[in-house]
Amino acid sequence: MSQHVREILRLPLRPDFLRNSMSEVYTADDLISGGKVFADLNPPARLGVFGDPVAHSKSPVFHNAALRAAGIDMGYVRIHVPVEKAQAAFHALPKAGFLGANVTIPHKAAALAAVDEADDYARRSGSVNTVVVHGDRLLGFNTDGPGLVRAIREEFGVDLHDLRVVLLGAGGGAGRAIAVQCAMESCERLVLVNRTLEKAQALTAELASAFRTDHLVGPVDRIQAIPFDEPALRLQLAHADLVINATSVGMRRTDPPLIPSALITPNLMVYDTVYASGKSRLLEDAAGAGARCANGLGMLLHQGALSFEIWFNRTAPLETMRQALASLP
Ligand code: ATR
């Protein structure tokens with residue numbers, strides 16, 4: 001039977017196939033109806049990622065590798081959850097015997113609404129990417145920001161706290177989560193760039209209190225909002241260390257440049273949260289300019305490792321997870 005037919009019928013697959021498969025997708029109804037299909041797998045699936053779309057998610061590959069390496073007899077699956085079924089799917093997790101779930105686009109805000117309790121960072125960023133089932137209750141965490149901090153340290157050997165950051169796309173969910181993390185780290189300086197300037201201005205006002213302490217940046221505001229405007233970008237990038245792309249621009253090879261390549265100088269570090277195969281336009285331009293650059297795979301890896309640590313209260317097998325991620329096309 002072809003993989004395609006299996007997907008349509010959603011037959012449980014042999015565990016070795018499940019572990020290797022990049023396209024096996026279960027549905028919200030599989031959870032809402034009690035989760036028998038997950039219990040019948042070998043090993044039983046007790047973790048998963050909710051998303052729409054979700055077939056592209058790399059999370060099962062490195063989480064299943066981590067579970068095997070840690071000797072934990074359970075599997076991690078993709079679950080396609082349409083917006084209208086999100087709340088029911090979250091609330092079905094305890095009865096379906098799940099330990100928790102990861103959450104991706106577009107459900108991170110819905111996950112915050114679904115959980116009974118959330119940690120400070122999840123509440124402030126308005127999004128949850130890690131759900132823990134605790135008896136009948138759901139607890140929410142967000143490991144995206146802490147995952148970014150670890151990725152920046154690993155890729156560039158520096159701490160976010162010490163950097164002057166220019167954040168592209170501060171108006172979206174990912175941008176907000178990163179801006180809140182920068183505020184919690186009290187990074188040296190934060191420039192919020194957004195096409196719709198009002199959104200960046202509102203976020204600047206909300207985060208301003210975190211940037212009132214003394215840092216040696218001279219007579220400039222430590223947090224500022226600007227539009228995608230060449231002169232404004234030129235000025236800010238001349239006084240920046242790290243540029244982060246939190247927009248989805250660059251996912252497609254045909255996307256236009258997010259910022260003019262001439263503005264990228266060799267002293268900059270450029271981090272693109274996009275992790276589509278190959279280099280995004282922004283990273284190509286950054287590499288061409290001699291700047292240090294990295295894509296979002298590190299953030300993906302570290303947010304996953306942090307989720308594992310939350311679920312199991314033990315260190316994640318990071319190198320196993322990294323290798324599993326690297327083995328993907
Ligand atoms: P979300 O993350 O909440 O789903 P989104 O609509 O995907 O939001 O947008 C994410 C971010 O990418 C936003 O900051 C958005 O800018 P606006 O707030 O002005 O909409 C930004 N964005 C999307 N497309 C863009 C483009 N072509 N150029 C610049 N910024 C863009």
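Whatever order the structure lists ligands and atoms in, that order sets their numbers, starting from 1. All residue numbers in this chain count up from 1 along the given sequence.
Closest protein heavy atom to atom 10 (C) of ligand 1: G172 CA, 3.7 Å. In this structure, atom 31 (C) of ligand 1 lies nearest to the protein heavy atom R195 CZ, 3.8 Å. Among protein heavy atoms, the minimum distance from atom 14 (O) of ligand 1 is reached at N194 OD1, 2.6 Å.
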### Query
Checking side chain to side chain contact (heavy atoms under 4.5 Å, CB included) for the pair K36/D30: CA distance, chi angles, key distance, verdict?
CA-CA 8 Å; K36 187 171 180 316; D30 289 330; over 6 Å; no

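The G173 neighbourhood of ligand 1 comprises atoms 1 (P), 2 (O), 3 (O), with distances under 4.0 Å to a heavy atom of that residue. Near G169, with a cut-off below 4.0 Å to any heavy atom, the atoms of ligand 1 are 14 (O).
Separation of the Y121 and F141 ring centroids does not fall under the 6.0 Å cut-off.
A donor-acceptor contact closer than 3.5 angstrom links the side chains of H80 and D52. E154 and H302 share a donor-acceptor pair across their side chains, judged by distance under 3.5 Å alone. Checked by atom type, the side-chain pair Q303/R150 shows no donor-acceptor distance below 3.5 Å. Side-chain atoms of N102 and Y76 include a donor-acceptor pair closer than 3.5 Å. Remark: the Q323 side chain and the E319 side chain contain no N/O donor-acceptor pair separated by less than 3.5 Å.
V158 and M184 fall within the same hydrophobic cluster, where Ile, Leu, Val, Met, Phe, Trp and Tyr residues are linked whenever their side-chain heavy atoms come under 4.5 Å apart, directly or through other members.
Checking only distances, T196 does come within under 3.5 Å of ligand 1, N or O to N or O. Not a single N or O atom of F228, backbone or side chain, sits closer than 3.5 Å to an N or O atom of ligand 1.
In the candidate list N245, V249, L192, T247, T247 is nearest to atom 21 (C) of ligand 1, counting heavy atoms.
Distance screen at 4.0 Å: atom 7 (O) of ligand 1 has no protein heavy-atom neighbour inside the cut-off. Within a 4.0 Å radius of atom 17 (P) of ligand 1, the protein contributes one or more non-hydrogen atoms.
Of the heavy atoms in K199, only side-chain atoms (C-beta onward) come closer than 4.0 Å to ligand 1.
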